[in-house]
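No hydrogens, no waters, no symmetry mates; every other heavy atom, side chains included, goes into these values. The sequence lines fix the lettering, A, B, ..., with proteins before strands; numbering per chain opens at 1. What you see is a predicted model; the values in this text were computed from it and never measured.
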2 protein chains.
Amino acid sequence: MSATTQRRLKRESSSEQVAGHIRRLIMAGELITGDRLRQDEIADQLGVSRIPVREAIITLDREGWVNFESHRGAFVASFAADDIRDHYDLRGLIFGLVARRVAETATADDIKALALLLRAMRAATELDEFAAVNERVIGRLLKLAASPRLTAALLVTPAVVHEGFFEFVPTGRAIQETGIAALLKAVRARSADAADAALRTMLRRQGDAVLAAFTASGVVAAAGTR
Amino acid sequence: MSATTQRRLKRESSSEQVAGHIRRLIMAGELITGDRLRQDEIADQLGVSRIPVREAIITLDREGWVNFESHRGAFVASFAADDIRDHYDLRGLIFGLVARRVAETATADDIKALALLLRAMRAATELDEFAAVNERVIGRLLKLAASPRLTAALLVTPAVVHEGFFEFVPTGRAIQETGIAALLKAVRARSADAADAALRTMLRRQGDAVLAAFTASGVVAAAGTR
DNA sequence: CCACCCGGTATTGTATACAATGTGCAACGG
DNA sequence: CCGTTGCACATTGTATACAATACCGGGTGG
């Protein structure tokens, strides 16, 4: 945990700041699908050179936020309803796998720790506090059940909304709490299937909620049928 | 298809060449888990500056090949048996989802095209030819059923073995052929569950085969129980 | 009138140079 | 003798400068 704290305290590099900046622009709807990211422009606006901008763009490309084509530039990716659904379906699959393993391998102490964290989630008064506890829950699950590689896969496909998720998605907190509660119940019953289903539905519901929030804010054009 | 061809012909940038070089080093066992990648050293060896090396490292970090820590350097990630299993489990989940959708939405023409491709796979005499057809199959499936975002997720978590997969994994071709055949059968029967299962098992078997190949070549230390 | 070619210009890709950070060792004090 | 502090070095992070490539307009020939 101290390592986590240190990492958090370490001020992020220019590249990471730039990446965060662009993510926020996309989330806010100031950059929309197909828009081009000019390296010079971004560098000037943020007062850095093009190197960190390029590195941020590479990161965002790998994360799926933009498409980076050689010698042509970076264009913000599609954020249609289908994309968001796919994104959360995918996260649901991965977290479902993690949940399955947790149900199979968690010790009594692990379960006790999860229960404590769930209580902390429910007790949180501020959304920031809630988000922090939530991260600890996620971290715990990954530590219990995921290899570094699987963890990396989840980090590579991060929540569409990073910071301020629970501010942005009003029903997000409730969905998360009931999802984790269902997971805990399933783990206690040692039911891998139920644990899998619990997190899959949780992510599915989060996806719907995010989609609703984006639609409301105008980032996503309208409901699109698959 | 012409777009794909063009992309393929476009000679890759220095960054991409460096990334490929490092991937090969890791696959070949010349770089093992925990080894540090010094930017200067790699740049000198390949006769490029550190900029493309850095960009390659960022890519590899996002892909899970290395862990890149700020101001500390990049270290090659863990490639224990568990990691490889996780990697293929994950790909199995994603491809299973794709298969499910293909079974639900494919037209008669799509099915016919898949059948033709399967015949071409079986008819291929050279492994290179087989690999090319295989890529067309994958591309077709993704085009039928996956949003750009899901496709990106699959490209971000590429097969552990890129080029020369079928040379490296002796049983790979047979696994792939029977897997695609099973998929085709499931799609014809319009069974999403069977399609899902077909690709999940295919990837599971590929994972086992890759693990065996790596173990044989000494890249993976030994069988590790979870 | 349309298709093609060909420079000029804008933008990206990479090399070089410098700044900032982390690491290891040695000297010092307890 | 052990822990700590501070400096020198190695390495990474970023800025600047230059090279390579793609886009866009006019011009030319058919």
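Looking at residues two or more places apart in sequence or on another chain, you find no ring-ring contact (aromatic ring centres under 6.0 Å, His included) involving A:Phe75.
Put simply, the residue from A:Leu46, A:Ile51, A:Val53 that forms a side-chain contact (heavy atoms from CB on, under 4.5 Å) with A:Ser49 is A:Ile51.
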Quick one: which protein N/O atoms are closer than 3.5 Å to N/O atoms of nucleotides 9-12 of chain D? Pair and distance per line, please.
from   : atom 1 : to      : atom 2 : distance (Å)
D:dT11 : OP1    : B:Arg38 : NE     : 2.9
D:dT11 : O3'    : B:Arg36 : NH2    : 3.3
D:dT12 : OP1    : B:Leu37 : O      : 3.4
D:dT12 : OP2    : B:Gln39 : N      : 3.3
D:dT12 : O3'    : B:His71 : N      : 3.3

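Formation of a donor-acceptor pair under 3.5 Å by the A:Arg173 side chain with backbone atoms of A:Met121 is found in this model.
Looking at A:Arg101 and B:Asp89, a side-chain N of the basic residue comes within less than 4.0 Å of a carboxylate O on the acidic one, giving a salt bridge.
Across the protein-nucleic acid pair, B:Asp44 atom CG and C:dT14 atom C1' stand 15 Å apart, rounded to whole Å. Atom CD1 of A:Ile51 and atom C1' of D:dA17 are 11 Å apart (whole Å). Residue B:Ile57 contributes atom CD1, which lies 14 Å from atom P of D:dT14 at whole-angstrom precision. When the P atom of D:dT14 is taken as reference, atom CD of B:Glu55 falls 13 Å away, rounded to whole Å.
Between A:Ser14 and D:dG13, a side-chain N or O to OP1/OP2 separation shorter than 4.0 Å is absent.
For the pair A:Ala77 and A:Thr33, the tightest heavy-atom approach, listed with the atom from each and the gap, is O-OG1, 3.2 Å.
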For this session: Please step through side chain to side chain contact (heavy atoms under 4.5 Å, CB included) for the pair B:Leu114 and B:Leu141, ending with a clear verdict.
Result: CA-CA 9 Å; B:Leu114 277 180; B:Leu141 294 178; 4.2 Å; yes
